[in-house]
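The block underneath contains the structure these notes are about, expressed in structure tokens.
For clarity, every value in this text was computed on a predicted model and none was experimentally measured.
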Amino acid sequence: MESTGKKKPRPRRPFTPEFKAEIVELCRRGDRLVGQIAKDFDLTETAVRCGSANPRSARTSATV
């Protein structure tokens, strides 16, 4: 069995505005690292960082 080292891209998942707001709030609290929040919710750290960097867009954008 050959391994090419490439992972298949994960299909894009839709997230509700409420879910996005919850992630942003968890990031704002600061009691957990971004990496831990991402792991807890099966997200990538990049998605969590992008979503929490601009809370307004996090409520409406496709990112987290």
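Contact of the L26 side chain with the F41 side chain is registered, since non-hydrogen atoms from C-beta on lie closer than 4.5 Å.
Qualifying side chain to side chain donor-acceptor pair (under 3.5 Å) partners for E22, counting only residues two or more places apart in sequence or in other chains: none. Listed by chain and residue number, R10, R13 satisfy the salt bridge (Lys or Arg N to Asp or Glu O under 4.0 Å) test with D42 (two or more places apart in sequence, or in another chain). Listed by chain and number, the residues in a salt bridge (Lys or Arg N to Asp or Glu O under 4.0 Å) with E45 are R49 (sequence neighbours excluded).
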Would I23 and F15 count as a side-chain contact (heavy atoms from CB on, under 4.5 Å) if you check the C-alpha gap in whole Å, the side-chain angles of each, and the deciding distance to 0.1 Å? CA-CA 11 Å; I23 298 299; F15 296 107; over 6 Å; no

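Grouping the Ile, Leu, Val, Met, Phe, Trp and Tyr side chains by contacts below 4.5 angstrom, directly or via other members, places V48 apart from L33.
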